[in-house]
Number of protein chains: 2
Amino acid sequence: MLFWERGYEATSIADLTAAMGVGAPSLYAAFGSKRELFDEVVQVYGQTYHAFIARALIEEPTLKAGLDRMLREAAGAYTRPDLPRGCLVISAAVNCNAPEVEQALRALRTTDLDALERLVNVAIDAGELPAGTDARALAVYTSVVMQGMAQQARDGADRGDLEAVAALAMRAWPWTAP
Amino acid sequence: MLFWERGYEATSIADLTAAMGVGAPSLYAAFGSKRELFDEVVQVYGQTYHAFIARALIEEPTLKAGLDRMLREAAGAYTRPDLPRGCLVISAAVNCNAPEVEQALRALRTTDLDALERLVNVAIDAGELPAGTDARALAVYTSVVMQGMAQQARDGADRGDLEAVAALAMRAWPWTAP
DNA sequence: CAAATTCTGTAGCGATCGCTTCGGAAGGAT
DNA sequence: ATCCTTCCGAAGCGATCGCTACAGAATTTG
């Protein structure tokens, strides 16, 4: 979880071995390289701490309810006192001289954005949003809010601040009258 | 401007001297250290590429017009083809092992956020927003949108995408009827 | 109990980091 | 022309980077 807090490059092998309580050779025997270890960490992170996004959007019956839950849960997830602030996928590869690592996380973000755009289009087809709504704009807007919330969490915003942001962000959507 | 593109730590002295076409001793004679050079760069950046924010908010007669202009200009400023994407103040010290540098940029962001909150309070007093409006929530929300736009610009969003985001973001505000 | 195998912790590899020292070229004064 | 000052590029300083070779401990096997 040091990768989450400090990012990929700012976390050294010495930091990792000290935190894990193992020697460097054991680490390399188990994972092969720093990059492979990071890939492993990203995968675990995705299944553990990033999954609330897909869960919220899938489990709720309407896009509006899913987005509201996603943003509200993000406010909590990004400010948990027992975990690093913000989001590993968003922050860990910023200012990273390893292009492959930066690209890997960027690809994850792009995947989320495209999935969001598809869900918006589904909601348009279902009449939850007016025909002619700009699905990509709403998807990018939602990504902007999520990424901004993660950044603000790192800058010290607390859960209440971000929940208020989540509520405000929902007001921008052009829902059809319920 | 390498600091803008790659961040503080990911930019090495060798990168800087190569880009400037001078030797390392000249650089140290002129600026003292990498950190002092960065401070200088941040100051120039603030006066040159960050000033549109204060200009938009000050020069427009209403907060609504100022925010609209700020967000719209941010869409352009963060995606200029002749400059690095996004914003140095937001990105350059992410995942930075030098706490003083990270704190310096964080302080700039906090200053902007507090100034925004004051402007929202002014607008509430002026009747542009309803009494009882949560000024801090709106200020944090606006920072979230600006930081998220900067991040999305780095992820490849183009100017049109961000202008659409700017227009959407404005819809969240509880303006009193004009 | 002894021998063989796996594992772990230390030390060190080359490369690069921020930064500094030093030799030699350039230019002005006498 | 000679001397002196100024400046700049190459080389190198200790520290740290990701990574690995090797010795000794621990464990398994006969």
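Worth knowing before you read on, the calculation uses all heavy atoms, side chains too, and leaves out hydrogens, waters and symmetry mates. Below, chain A is the first sequence line, B the second, and so on; all start at residue 1. Keep in mind that what you see is a predicted model, and the values were worked out from it rather than measured.
- Each salt bridge (charged side-chain N to carboxylate O under 4.0 Å, His left out) pair with one or both residues in residues 29-44 of chain B, not counting sequence neighbours, appears once here: B:Arg35-B:Asp39, B:Arg35-B:Glu100.
- Listed nucleotides: D:dC8, C:dT8, C:dG18. Nearest to the side chain of A:Ser26: C:dT8.
- Between B:Arg69 and B:Glu59 there is a salt bridge, with a side-chain nitrogen of the basic residue lying less than 4.0 Å from a carboxylate oxygen of the acidic one.
- In this structure, CD of A:Glu36 is placed 15 Å from P of D:dG18, rounded to the nearest angstrom.
- When rounded to the nearest whole Å, the span between OH of A:Tyr8 and P of D:dC17 equals 14 Å.
- Between A:Glu73 and A:Arg55 there is no salt bridge, since no side-chain N of the basic residue sits under 4.0 Å from a carboxylate O of the acidic one.
- Each of B:Val22 and A:Ala14 was assigned the nucleotide of DNA chain D with the nearest heavy atom; the assignment lying further toward the 5' end belongs to B:Val22.
- Separating the CD atom of B:Glu9 from the P atom of C:dG18 is a distance of 9 Å, rounded to the nearest angstrom.
- If you take CG of A:Leu16 and C1' of D:dT16, they are 15 Å apart, rounded to a whole angstrom.
- Ion pairing between a basic and an acidic side chain is recognised when a charged N comes within 4.0 Å of a carboxylate O; A:Asp15 and A:Arg6 show such pairing.
- Nucleic acid contact class of B:Thr11 (heavy atoms, under 4.0 Å, all strands): sugar-phosphate only.
- With respect to the salt-bridge test (charged N to carboxylate O, under 4.0 angstrom), the residues B:Lys64 and B:Asp68 do not qualify.
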Base-contact (B) and sugar-phosphate-only (S) positions in nucleotides 19-26 of chain C, heavy-atom cut-off under 4.0 Å, - elsewhere: BBB-----

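- The distance between atom CG of B:Asp15 and atom C1' of C:dT16, rounded to the nearest whole Å, is 11 Å.
- The separation between A:Asn97 atom CG and C:dC17 atom C1' is 12 Å, rounded to whole Å.
- Residues satisfying the ring-ring contact (aromatic ring centres under 6.0 Å, His included) criterion with A:Phe3, sequence neighbours excluded, are A:Tyr8, A:Phe38.
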